[in-house]
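Counting starts at 1 for both ligands and their atoms, following the listed order. Worth saying up front: this structure is predicted, and the values here are computed from it rather than measured.
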Amino acid sequence: MSEQRIEFYKGPAGGWGALRSVAHQLRQHRIALKGPRTLLSANQPGGFDCPGCAWPDSNSRTVDFCENGVKAVAAEITADRATPELVGSHTVAELATWSDHRLEALGRLTHPMAYDAAADRYRPIAWDEAFARIARHLQALDHPDQAVFYTSGRTSNEAAFLYQLFARAFGTNNFPDCSNMCHEPSGLGMKASLGVGKGTVALHDFGLADAIFIFGQNPGTNHPRMLGELREAARRGARIVSFNPLRERGLERFADPQSPLEMATGGATPISSAYHQVRIGGDLAVLKGLCKRLFELDDAAQACGAPRVLDVAFLAQHTEGLAAFEADLRAEPWEAIVEACGLTLAQLHAAAAVYAGAERAIVCWGMGITQHPQAVAAVRMICSLLLLRGQVGKPGAGACPVRGHSNVQGDRTMGIDERPTAAFLDRLRDVFGFEPPRRAGHDTLAAIEAMARGEAKVFIGMGGNFAAAAPDTHVTAAALRRCALTVQVSTKLNRSHLVHGREALILPCLGRTEVDLQATGPQGVTVEDSMSMVHLSTGVNTPASPHLLSEPMIVARMAAAALPSSRVPWIDLAGDYDRIRDLIARVFDDFAGFNARVRVPGGFRLPNAAAERRWETASGKAQFSVQALPPAAPPAAGRKVFTLATVRSHDQYNTTVYGLDDRYRGVFGQRRVVFIHPDDRRELGLPQAGWVDITSVFGDDDSRRIERFLLVDYDLPRGCLAGYYPETNPLVALAHHAQGARTPASKAVPVVLTPHAATPRAARRPQPAEAAPADA
Ligand SMILES: Nc1nc2c(c(=O)[nH]1)N[C@H]1C(S)=C(S)[C@@H](COP(=O)(O)OP(=O)(O)OC[C@H]3O[C@@H](n4cnc5c(=O)[nH]c(N)nc54)[C@H](O)[C@@H]3O)O[C@H]1N2
Ligand SMILES: Nc1nc2c(c(=O)[nH]1)N[C@H]1C(S)=C(S)[C@@H](COP(=O)(O)OP(=O)(O)OC[C@H]3O[C@@H](n4cnc5c(=O)[nH]c(N)nc54)[C@H](O)[C@@H]3O)O[C@H]1N2
Ligand SMILES: [Mo]
């Protein structure tokens with residue numbers, strides 16, 4: 001483990017640092033032999049889908065994994081085991097004082113376990129008994145809506161399909177999922193504007209684009225394989241324009257570990273041709289500025305008889321609402337736009353000139369857009385920007401929300417949705433012969449509120465780490481603790497096993513990399529990536545323990561136990577995933593011939609109407625919408641309110657903390673840091689590397705506080721701060737979320753800093769930085 005230090009990182013993203021990190025992972029997990037063999041199957045036909053991010057596979061690279069994919073794979077194939085003896089040798093109270101990093105490092109779960117309240121320990125339990133207990137709890141509820149069924153986005157299509165079928169056969173649409181905290185605004189915004197809630201570009205479009213705009217996304221850490229596409233684009237002269245408050249190395253320079261020349265010469269490819277350090281939450285204003293400028297440039301073009309800047313033929317044929325949109329932008333003063341985004345007029349004009357000059361343009365975005373109160377508005381404005389120049393539904397152009405989890409998009413496609421359409425429910429009814437519930441269910445925030453009120457009593461988590469990922473940590477923890485039963489289907493020990501209901505079960509499952517042997521032989525599962533490619537994933541390694549069950553089998557056995565009179569042949573389905581896929585094909589027309597099509601190497605692409613310029617909106621046209629800038633926050637009396645963005649370090653996968661370094665941002669051996677502009681720090685009279693407490697302020701509610709964070713001077717706009725998730729989650733109030741989408745606004749938390757109260761000298765030594773979050 002690195003010693004604690006802050007040190008400016010001079011190199012490019014990737015490069016030797018990435019290779020050294022890979023070697024370190026293999027050593028640390030004691031998989032020097034198994035590791036390389038496993039990794040060569042990652043994202044290859046016949047192999048498994050990398051359990052890291054949702055960036056599509058290249059289908060041409062023979063080595064198609066990245067440094068952070070290696071971390072995800074190494075964490076799964078680790079030689080370490082969290083056996084019942086090891087887990088049960090500690091009380092839960094004791095484990096709860098451990099950091100997320102330390103819990104993760106115990107290794108793979110090997111046996112189902114149940115919480116023994118008398119001893120405050122987890123004890124092994126037989127699978128049959130575990131399923132019987134779940135059944136007993138579910139059957140004891142007064143109403144099916146008293147159960148909630150959470151899904152994390154790694155869940156395969158097959159597991160997700162069975163899971164939603166089980167919950168709906170049980171009688172509820174309570175499907176909170178990680179997408180509620182992630183790209184929900186993207187889906188809603190694109191659906192309203194373009195008629196399809198998914199991105200319209202395919203991977204090959206990156207090879208054709210003249211301009212790629214990237215808003216609020218950090219590919220160097222979170223989608224490193226995307227840097228391959230960006231590098232190629234930059235090398236052939238495409239312009240890459242980034243909007244990010246933080247200087248992120250992966251958006252600046254990249255040395256491809258797979259390029260012998262760059263590695264040998266220490267060379268690197270510059271990525272962004274322009275880098276705009278927008279103020280946190282300023283993107284809606286930037287987008288309005290870009291659109292406004294296009295109208296001005298179009299006026300100028302018309303005045304001198306030059307070719308139009310707007311794609312007038314496209315606008316006339318395909319869109320609706322342009323007049324009101326144009327009127328709003330023409331009326332929006334530049335001063336208001338500049339003030340709200342923190343960029344100069346010249347910067348906005350320059351960015352608009354690049355966009356206007358590109359025959360083919362792609363707009364990418366990530367959590368820097370979606371985790372804001374104005375997220376849906378910003379996504380709709382991205383769509384409008386694309387529409388103005390007809391940049392949807394042609395090669396090399398389009399909307400590209402870059403999804404997180406490797407199958408988060410597929411889970412939605414399979415029906416993990418608290419607000420299912422009537423047409424989908426009708427299909428379920430016709431295929432399965434039961435009447436599914438029609439009431440909308442709970443999303444993530446509503447599920448927390450329902451548990452907190454004592455209305456929801458059973459929580460089942462299909463993967464993920466709800467206790468740590470959800471906002472308002474203490475509220476969420478109290479909500480989970482009120483449950484009669486919490487069940488976690490998991491591969492590793494995590495916070496959600498320690499913050500549990502009166503009864504609790506840990507159900508250990510196979511990982512992606514493992515051979516999944518069922519009654520009819522080894523099975524593959526399918527996933528859908530960020531660009532709607534569906535393909536097979538087949539594990540290659542012996543399972544971590546002979547006692548593990550697959551996710552589909554766990555769902556099937558829960559369902560068989562809880563719904564004894566159900567006519568769905570649950571266990572048979574889980575014995576042969578082809579049978580699940582046949583049912584998927586009967587429910588979703590786009591999956592016709594699923595089994596045959598998914599066996600073609602590389603899989604198949606789901607149709608996307610918007611990419612074909614068919615608009616599945618109410619009007620049948622792509623829809624412009626007017627979006628107002630949010631009113632400026634009133635000045636807070638006597639104290640300086642910052643806006644805090646909670647982001648990922650280079651050594652984590654969401655709540656899974658692999659290590660304590662954030663190499664490109666120069667942070668080593670610690671996570672309790674807060675990035676600040678040096679002038680802001682000086683203005684507060686705080687020393688460099690001083691310690692602060694962070695309090696979030698919502699109106700006059702300043703009850704949420706986290707303590708002892710190290711100030712780190714950083715290149716970001718004044719008034720802005722950044723810190724790591726999940727350590728900062730206690731600051732995010734449930735009520736602070738994206739309008740219309742209810743995604744926690746965890747990139748826009750209003751906070752004040754105070755010097756950390758004088759601690760006794762002895763305690764002032766840097767405490768172990770992985771110190772567990774205060775609550776759990
Ligand atoms: N290795 C690794 N890979 C991952 C993950 C992981 O944790 N680790 N997580 C996966 C998941 S689930 C997801 S959703 C994705 C997340 O991938 P990203 O979307 O890249 O996620 P973040 O790190 O949360 O933040 C993105 C960027 O937004 C910037 N930002 C913050 N506020 C603003 C703002 O107001 N405006 C703009 N323009 N930018 C802003 C931050 O500086 C940061 O660079 O990655 C996936 N891939
Ligand atoms: N403040 C703040 N909060 C955030 C975010 C943020 O940027 N800031 N980001 C949000 C986002 S984008 C997301 S997607 C959510 C993530 O929320 P989740 O998806 O709930 O969290 P993860 O950390 O991805 O889940 C990790 C756990 O999944 C389990 N796991 C790993 N592999 C498997 C598997 O193959 N099968 C099963 N069953 N389990 C497995 C392991 O036990 C591991 O501990 O967090 C959200 N929360
Ligand atoms: Mo995500």
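In the candidate list Gln652, Gln488, Arg648, Arg648 is nearest to atom 9 (N) of ligand 2, counting heavy atoms. In this structure, of Gly461, Ala645, Gly464, the residue bringing a heavy atom nearest to atom 29 (C) of ligand 2 is Gly464. The closest heavy-atom contact to atom 21 (O) of ligand 1, among the options Thr643, Leu284, Asn222, comes from Asn222. Counting only non-hydrogen atoms, the option in Ala722, Gly216, Ser179 that gets closest to atom 27 (C) of ligand 1 is Gly216.
For ligand 1, the polar-atom distance check against Asn654 finds a nitrogen or oxygen pair separated by under 3.5 Å. Of the polar atoms of Thr646, at least one N or O is found under 3.5 Å from an N or O of ligand 2, judged by distance alone. Taking only nitrogen or oxygen atoms, main chain and side chain alike, His405 does not reach within less than 3.5 Å of ligand 1. For Phe243, a nitrogen or oxygen atom sits less than 3.5 Å from a nitrogen or oxygen atom of ligand 1, counting backbone and side chain alike. Polar contact check, Asn729 against ligand 2: a nitrogen or oxygen pair lies under 3.5 Å apart. Among the atoms of Arg403, none of the N or O lies under 3.5 angstrom from an N or O of ligand 1. Checked by distance only, ligand 2 and Lys747 come closer than 3.5 Å through their nitrogen or oxygen atoms. Residue Val489 places at least one N or O, backbone or side chain, under 3.5 Å from an N or O of ligand 2. Of the N or O atoms in Gln371, one or more lie within a sub-3.5 Å distance of an N or O in ligand 2. At least one N/O-N/O distance between Gly281 and ligand 1 falls below 3.5 Å. Residue Met181 has no N or O atom closer than 3.5 Å to an N or O atom of ligand 2.
There is a side-chain donor-acceptor pair under 3.5 Å between Ser406 and Arg512.
Ligand 2 places these atoms under 4.0 Å from at least one heavy atom of Gly463: 37 (C), 38 (N), 39 (N). Atoms of ligand 2 lying under 4.0 Å from at least one heavy atom of Ser746, given by number and element, are 1 (N), 2 (C), 6 (C), 8 (N). Shown in contact with Ser490 at under 4.0 Å from a heavy atom are these atoms of ligand 2, numbered in order with element: 39 (N), 42 (O). Atoms of ligand 2 lying under 4.0 Å from any heavy atom of Tyr653, numbered from 1 in the order shown and given with element: 23 (O). Of all the atoms in ligand 2, the ones that sit under 4.0 Å from a non-hydrogen atom of Tyr150 are 17 (O), 18 (P), 19 (O), 20 (O). Close contacts of ligand 2 with Glu551, meaning ligand atoms under 4.0 Å from a residue heavy atom, involve 34 (C), 35 (O), 36 (N), 37 (C), 38 (N).
Classification of Arg665 and Glu248 as a salt-bridged pair holds, one side-chain N sitting under 4.0 Å from a carboxylate O. Checked for salt-bridge contact, Glu252 and Arg247 meet the test: a charged N lies under 4.0 Å from a carboxylate O. A salt bridge does not link Asp651 to Arg663: none of the charged nitrogens lies less than 4.0 Å from a carboxylate oxygen.
Residue contact check for ligand 1: Gly52 places no non-hydrogen atom closer than 4.0 Å to it.
Contacts between His223 and ligand 1, counted as non-hydrogen atom pairs separated by less than 4.0 Å, involve the side chain only. Contacts with ligand 1 closer than 4.0 Å are made by side-chain heavy atoms of Asn68 only, the backbone lying farther away. With a 4.0 Å cut-off on non-hydrogen atoms, Asp283 touches ligand 1 through its side chain and not its backbone. Only the side chain of Val278 comes within 4.0 Å of ligand 1, judged by heavy-atom distances. Heavy atoms of Cys509 found under 4.0 angstrom from ligand 2 belong exclusively to the side chain. Counting heavy atoms closer than 4.0 Å to ligand 1, residue Met367 contributes atoms from both its backbone and its side chain.
Judged by distance alone, the side chain of Arg108 and the main-chain N or O of Leu510 form no donor-acceptor pair under 3.5 Å. A donor-acceptor pair is defined here as one N or O able to donate and one able to accept, closer than 3.5 Å; no such pair exists between the side chain of Glu67 and the backbone of Val22. Looking at Arg81, its side chain does come within 3.5 Å of a backbone N or O of Ala544 through a donor-acceptor pair. Distance alone, capped at 3.5 Å, is enough to place a donor-acceptor pair between the Tyr163 side chain and the Tyr150 backbone.
Asp516 and Ser550 get closest at one heavy-atom pair: OD2-CB, 3.4 Å. The heavy-atom pair separating Ala468 from Ser496 by the smallest distance is N-OG, 4.4 Å. Nearest heavy atoms, Ile554 versus Pro508: CD1-O, 4.0 Å. Ala504 approaches His500 most closely through the heavy-atom pair CB-CB, 3.7 Å. Of all heavy-atom pairs between Thr370 and His183, the closest is CG2-ND1, 3.6 Å. Looking at every heavy atom in both residues, Phe175 comes nearest to Asp417 through CD1-O, 3.7 Å.
For atom 1 (N) of ligand 1, the closest heavy atom belonging to the protein is Thr221 O, 3.1 Å. When hydrogens are left out, the protein atom nearest atom 46 (C) of ligand 1 is Gly404 CA, 3.6 Å; that is the closest non-hydrogen contact.
Considering only heavy atoms from C-beta on, Trp55 comes within 4.5 Å of Met531 through its side chain. A 4.5 Å side-chain heavy-atom check between Gln523 and Glu158 finds every atom pair outside the cut-off.
Under the 6.0 Å cut-off for aromatic ring centres, His276 and Phe215 do not qualify, their centroids lying 6.0 Å or more apart.
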